[in-house]
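Every chain is numbered from 1, with letters handed out A, B, ... down the list of sequences. Side-chain atoms are counted along with the backbone in the values below, which use heavy atoms only and exclude waters and symmetry mates.
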Number of protein chains: 2
Amino acid sequence: MPDRVKRSSKQSASTGDARRDRWKQHRIARRAEFVEAALRALDKHGTEFGMDDVAAEAGVTKPVVYRHFTDKADLHLALGQHGTKILFNRLMPALNEELAPVPRIRSVIDAFFTTIDEYPNLYRLLVHPSHAGDRLPDADIVHEDKELIATSVTAVLGDYMRAFGLDSGAAEPWAHGVVGLVQSIGTWWLDKRSMGRDSIVEYTTEIIWAAIDGILRQRGITVEPNKPLEINKVVRMHDVWSEAERKATGEGA
Amino acid sequence: MPDRVKRSSKQSASTGDARRDRWKQHRIARRAEFVEAALRALDKHGTEFGMDDVAAEAGVTKPVVYRHFTDKADLHLALGQHGTKILFNRLMPALNEELAPVPRIRSVIDAFFTTIDEYPNLYRLLVHPSHAGDRLPDADIVHEDKELIATSVTAVLGDYMRAFGLDSGAAEPWAHGVVGLVQSIGTWWLDKRSMGRDSIVEYTTEIIWAAIDGILRQRGITVEPNKPLEINKVVRMHDVWSEAERKATGEGA
DNA sequence: GCGTAACCGTTACCATCGGTTACAGGTTGT
DNA sequence: ACAACCTGTAACCGATGGTAACGGTTACGC
């Protein structure tokens with residue numbers, strides 16, 4: 001077992017603060033360990049891995065896992081946050097690049113496909129609201145992650161629409177739509193693998209840009225696909241990004 | 001229900017043909033009864049109904065259900081076909097109307113939202129690949145229905161693209177994308193209900209048309225959104241429709 | 001009418017898996 | 001020494017998907 005103690009300083013006198021503090025630290029690390037174990041179980045047994053598998057993968061028995069996760073749903077949630085974090089870490093830089101619209105979309109989409117290509121099982125797990133406890137009323141928590149992404153897109157979309165002076169009422173459904181579109185193409189691609197990554201990235205980019213361009217055009221706005229927008233400098237993802245950070249709290253790299 | 005008995009010829013000698021034939025007929029009816037029961041169970045207990053619930057709803061005990069369905073997956077599949085059939089029955093007329101592009105899209109989308117509004121639980125069940133037997137390796141069968149729809153869209157899309165002289169390579173991913181888009185907006189709408197049906201239908205239609213229009217425009221083709229296309233008369237859904245019929249074999253209206 | 005083949009339906013059971021209980025140590029700071 | 005926190009295990013519970021074994025009943029063919 002790794003030492004994981006590390007905490008030199010702290011609270012010399014009085015209370016058992018040092019202890020408490022250290023244990024707290026420790027628990028976080030342990031949780032992360034189990035998330036790793038769950039990922040291995042996921043690769044080994046597919047999306048229907050059992051809690052015993054996770055425990056075994058972590059080299060312990062089930063109750064130990066349950067000391068760190070209240071539920072299977074809780075584990076799924078942790079997995080979800082892990083995945084979301086990975087995804088955001090890749091998507092954000094791409095999204096914030098100062099590129100022209102189309103290259104920027106392509107960059108994000110490429111990051112997306114690269115990521116799901118790398119963690120196909122995790123992706124499948126998250127895309128399914130297959131849900132943890134079948135008997136848990138609490139079922140749709142994992143769903144939150146997709147929701148978070150949709151929310152991000154809503155924010156971006158809404159900001160742009162307002163920047164263009166458009167009614168932003170459609171931002172939310174459109175955001176969910178685009179997320180669904182990308183997700184669906186992603187799932188299909190992972191299952192069929194009938195074309196290379198470059199191709200689906202290209203096709204996906206093309207249809208998304210077509211939608212955006214088409215909508216703007218219907219409102220009499222034309223945008224150069226390959227020339228950077230001024231607005232790019234304004235519309236960013238701060239808030240959403242920090243939201244993601246908040247959610248992923250406590251996970252070490 | 002369509003008799004589909006067909007067995008004109010017969011094993012003249014030997015065994016009881018009349019018997020076997022009649023029972024066959026009967027089994028089909030019985031299966032349909034259970035599908036109805038399952039739908040009631042679905043409304044009563046949500047998407048996580050158990051086999052006992054279905055049995056109870058049908059007024060019998062579990063083993064009886066298992067005489068007609070091999071699996072829970074099998075039941076789900078039947079439910080899926082039922083749902084697909086309903087959906088197709090509504091979508092096809094809309095799709096085959098001789099309308100201009102945008103009204104036609106709107107008509108299909110409206111049919112879609114009307115249907116899921118009417119059978120929200122069934123829709124949720126099908127959209128989930130949550131699935132039946134957790135331990136069943138056979139898990140993604142229900143998925144087939146979404147696949148069927150995507151295939152239909154692929155066919156339509158591909159036909160149009162070829163009719164316009166475009167490379168149809170992107171038809172399949174785009175079809176999956178559009179299906180995912182609509183499905184995603186549908187799920188979101190059912191969950192949130194933050195706007196009336198007319199509004200999402202309008203928004204959804206708008207983004208789909210924008211995508212199509214944008215893609216065509218990028219290829220130098222412009223289409224009048226509100227004038228019927230000549231091609232409409234050519235591109236239809238025969239094959240796909242009959243495919244759906246084949247799948248739904250044995251289910252009465 | 002008798003045999004047969006299909007159905008009807010039940011009670012009682014198994015296996016799996018999520019989740020829990022109860023027990024038995026370790027380590028570490030006061 | 002002791003308290004407080006961890007470590008871990010084996011054995012168990014309960015819900016649920018799925019089966020076995022049993023005993024009718026219906027309707028046809030001979």
Side-chain angles (χ1 to χ4, degrees), chain A residues 1-31 33-34 38 41 45 48-56 58-76 130-139, chain B residues 10-31 33-34 38 41 45 47-56 58-76 130-139:
Chain A
M1 182 140 336
D3 54 355
R4 89 264 232 215
V5 215
K6 285 302 122 73
R7 322 192 83 286
S8 47
S9 65
K10 302 297 115 85
Q11 319 266 336
S12 45
S14 62
T15 84
D17 241 8
R19 259 173 300 186
R20 190 175 61 198
D21 203 29
R22 194 181 43 167
W23 284 128
K24 207 165 186 172
Q25 198 84 344
H26 173 65
R27 298 208 99 226
I28 298 173
R30 209 77 216 291
R31 236 180 110 99
E33 264 175 49
F34 283 115
H45 308 284
E48 300 194 346
F49 63 90
M51 292 304 265
D52 288 305
D53 299 325
V54 176
V60 295
T61 48
K62 221 175 11 169
V64 180
V65 178
Y66 278 98
R67 280 218 265 277
H68 297 272
F69 300 88
T70 70
D71 260 332
K72 193 176 194 183
D74 193 24
L75 214 199
H76 271 204
S130 66
H131 301 146
D134 286 343
R135 18 281 194 189
L136 222 47
D138 200 353
Chain B
K10 46 209 78 173
Q11 323 250 310
S12 46
S14 60
T15 82
D17 234 13
R19 262 175 297 191
R20 191 174 60 197
D21 203 31
R22 195 173 56 144
W23 284 128
K24 208 163 185 175
Q25 196 86 345
H26 175 66
R27 297 209 99 228
I28 299 172
R30 208 77 214 290
R31 236 179 109 100
E33 265 176 49
F34 283 114
H45 308 284
T47 58
E48 300 193 347
F49 64 90
M51 292 304 263
D52 288 306
D53 298 325
V54 177
V60 296
T61 49
K62 221 175 10 170
V64 178
V65 178
Y66 278 99
R67 279 218 267 277
H68 298 272
F69 300 89
T70 70
D71 257 336
K72 193 176 193 182
D74 192 23
L75 215 198
H76 271 205
S130 70
H131 289 145
D134 288 343
R135 22 284 196 186
L136 221 48
D138 200 355

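Between B:Asp74 atom CG and D:dG18 atom C1' there is a gap of 13 Å when expressed in whole angstrom units. Atom CG in A:Asp71 sits about 11 Å away from atom P in C:dG18, given to the nearest Å. Residue A:Leu75 contributes atom CG, which lies 10 Å from atom P of C:dG18 at whole-angstrom precision. Atom pair A:Tyr66:OH and D:dG8:C1' shows a separation of 17 Å (rounding to whole Å applied). Between the CE atom of A:Met51 and the P atom of D:dA15 there is a distance of 19 Å, rounded to whole Å. In this entry the distance linking CG of B:Asp52 with C1' of C:dT11 reads 13 Å, nearest Å. With rounding to whole Å, B:His45 atom NE2 is found 15 Å from D:dA15 atom C1'. The interatomic distance linking B:Lys72 (NZ) with D:dA15 (C1') rounds to 12 Å, in whole Å.
Both A:Gly50 and A:Arg67 lie near DNA chain C, and the one whose nearest nucleotide falls closer to the 5' end is A:Gly50.
The side chain of B:Pro63 lies closest to C:dT11 when the candidates are D:dA10, C:dT11, C:dG18. The side chain of B:Val60 has C:dT10 as its nearest neighbour among C:dT10, D:dG17, D:dA10. Nearest nucleotide to the side chain of B:Arg30, out of C:dC8, D:dG17, D:dT9: C:dC8.
Between A:Arg27 and D:dC6, a side-chain N or O to OP1/OP2 separation shorter than 4.0 Å is present. Within the structure, a side-chain polar atom (N or O) of A:Thr61 is placed less than 4.0 Å from OP1 or OP2 of D:dT9. B:His26 has a side-chain polar atom (N or O) that falls below the 4.0 Å cut-off from OP1 or OP2 of C:dC8.
Nearest heavy-atom pair across B:Thr61 and B:Ala55 is C-CB, 3.6 Å.
Taking the six-membered ring where the residue is Trp, B:His68 and B:Phe34 present tilted rings, their angle falling between 30° and 60°.
When the side-chain hydrogen bond (donor to acceptor under 3.5 Å, both in side chains) test is applied to B:Arg30, the partners found at least two apart in sequence or on another chain are B:Glu33.
Going from atom CZ of A:Phe49 over to atom NZ of A:Lys72 covers 5.5 Å, rounded to the nearest 0.5 Å. Between the NE2 atom of B:His45 and the CG atom of B:Asp52 there is a distance of 10.0 Å, given to the nearest 0.5 Å.
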